[in-house]
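The sequence lines fix the lettering, A, B, ..., with proteins before strands; numbering per chain opens at 1. Since the model is a prediction, treat every value here as computed from it, not as a measurement.
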Number of protein chains: 2
Amino acid sequence: MSLDIDSALQLRRNQSLTSIIRHELEQMIERGELSAGERLNENALAARLGVSRGPIREACRGLEQSGLVNVVVNRGVFIRALDGREAAELYEIRAALYGLAGRLLASIVTDEQVAILSGYVAEMDAAMAAGDLNSFYPGNLRFHEAIVEFGGNGRLAAECAAIHREMHLLRRRTLDMPGRMATSNDEHRVILERIAARDPAGAGAALEEHVLISRAALFGPLGHYPDA
Amino acid sequence: MSLDIDSALQLRRNQSLTSIIRHELEQMIERGELSAGERLNENALAARLGVSRGPIREACRGLEQSGLVNVVVNRGVFIRALDGREAAELYEIRAALYGLAGRLLASIVTDEQVAILSGYVAEMDAAMAAGDLNSFYPGNLRFHEAIVEFGGNGRLAAECAAIHREMHLLRRRTLDMPGRMATSNDEHRVILERIAARDPAGAGAALEEHVLISRAALFGPLGHYPDA
DNA sequence: CTTTTGCTGATTGTCAACAGTTTAAGATCC
DNA sequence: GGATCTTAAACTGTTGACAATCAGCAAAAG
């Protein structure tokens, strides 16, 4: 029972109003309740959350630094809008980081971890067979998260998570299009294969390509940037 | 002359006290005036800078998100201390990002850019010949900055700059050891060569290796992490 | 002598109010 | 009718004050 108390205290310890609000805003952005370009009204937010403007402002300065909002002096904070060029740049970086993750993981992966990853792929297969995009997405997410987690570079994992959060700022919300489910999972299978084979270069290349293909799919067959 | 006024207004426009203070603190960390683990006293800082605690706190929340400080509830903000493991992780990420920068640049580099990079290498050669570490360092910095800038991915450049700032949190301050000057510039020459040859894969690999060698040099011949 | 308990000063977390700027509506002029 | 100036409301930037919490020290208990 002391575990509950401990964890509760631990939570209370690291959570000021500022951090709670920042987390809440992050989730609102992730859920799409705050759309790109929208302005945050400090007074309204303060009233709605039952706190004063101080913690709100501090939370916003944190969000600014992590790229989720823009702050314009004397005008307010705006949910950042990712244009095509910025999204393309982000995908490029993401590809490089996933390539690194793949190389790292393939050189230290355990059999248990391979089994877990394999389970995610199976989940996605099932979702695909059922044509259920809503259950495909979380499997996809956990597959990618697990790869960077298992890679052992904690900072890399944090960086990938931050980039993923930032991707939600893209106006075109379909991060993975329905039509790509099948081919995407084929790519997952190749990635898994090469990780299981302890082939760092191969796994890295497969992951890198996987991300770059997503980017191409997002930007359409022509590959040009929208509104850039 | 309107340029002066404009730029002054532009500065005033985008600069609240918060952003000025954040920038000031970043520079203090970079100059080593604030050493790792040290605690920031809000009252003292506010008094010294002639402002109230509000902007100071907002600036610190920004620094927290960019990883330069740790904030502990009810105890204050502490200059973050990078232990060996975290530094190693950061070098790994940095290597991957520079690899990407090299591949990007080699595929789009202009002759003028090659000339500029070549100039930096020459500067470093001169500094090396004079045994002047103090003039080697800025050349080195500009060489690396230029590579990511010329690569055309603005976000990548920002990310590399952020990582570079964060590296200053390492307790062992010699980011590039004197003994490495000669071999380091040899590596620079190889990098430049491959960029000039429009060889993306080669340039990327050379840059990646360059960073990983720096990491190895920092951690000593044994390659183990200090205090990790 | 060691440990615990209860203060005291200092410091952080939060709030409410004031000052300056922006925005937008209304009035005025062409 | 449309454009421009005026003015007031709304909002952000900043400040100072108050409440809550923490570190350190002294006194008391074992």
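In terms of the salt bridge (Lys or Arg N to Asp or Glu O under 4.0 Å) criterion, B/E145 has no residue partners (sequence neighbours excluded). Under the side-chain hydrogen bond (donor to acceptor under 3.5 Å, both in side chains) criterion, A/S107 pairs with no residue, sequence neighbours left out. Every residue meeting the ring pair (Phe, Tyr, Trp, His ring centres under 6.0 Å) condition with B/F143, not counting sequence neighbours, appears here in chain and number order: B/H188. Qualifying salt bridge (Lys or Arg N to Asp or Glu O under 4.0 Å) partners for B/E123, counting only residues two or more places apart in sequence or in other chains: B/R142. Shown here are the salt bridge (Lys or Arg N to Asp or Glu O under 4.0 Å) partners of A/E159, two or more places apart in sequence or in another chain: A/R155.
As rounded to whole Å, 14 Å separates atom P of C/dC15 from atom CG of A/L45. Rounded to an integer number of Å, the gap from CD of A/E38 to P of D/dC11 is 14 Å.
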Throw together a table of side-chain donor-acceptor distances under 3.5 angstrom for residues 93-106 of chain A, partners on residues two or more places apart or in other chains.
none

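For residues 47-57 of chain B, every residue pair satisfying the side-chain hydrogen bond (donor to acceptor under 3.5 Å, both in side chains) rule, not counting sequence neighbours, is listed here: A/E58-B/R57, B/E42-B/R53, B/E42-B/R57.
Paired with A/Q65 under the rule side-chain hydrogen bond (donor to acceptor under 3.5 Å, both in side chains), one option of B/E64, B/R22, B/Q65, B/R61 passes, and it is B/R22.
Taken residue by residue, residues 48-70 of chain B places heavy atoms nearer than 4.0 Å to DNA chain D at B/V51, B/S52, B/R53, B/G54, B/P55.
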Under 3.5 Å, which protein N or O atoms sit close to an N or O of nucleotides 8-11 of chain C? Give each pair with its distance.
{"unit_1": "C/dT11", "atom_1": "OP1", "unit_2": "B/N41", "atom_2": "ND2", "d": "3.1"}
{"unit_1": "C/dT11", "atom_1": "O3'", "unit_2": "B/R39", "atom_2": "NH2", "d": "2.7"}

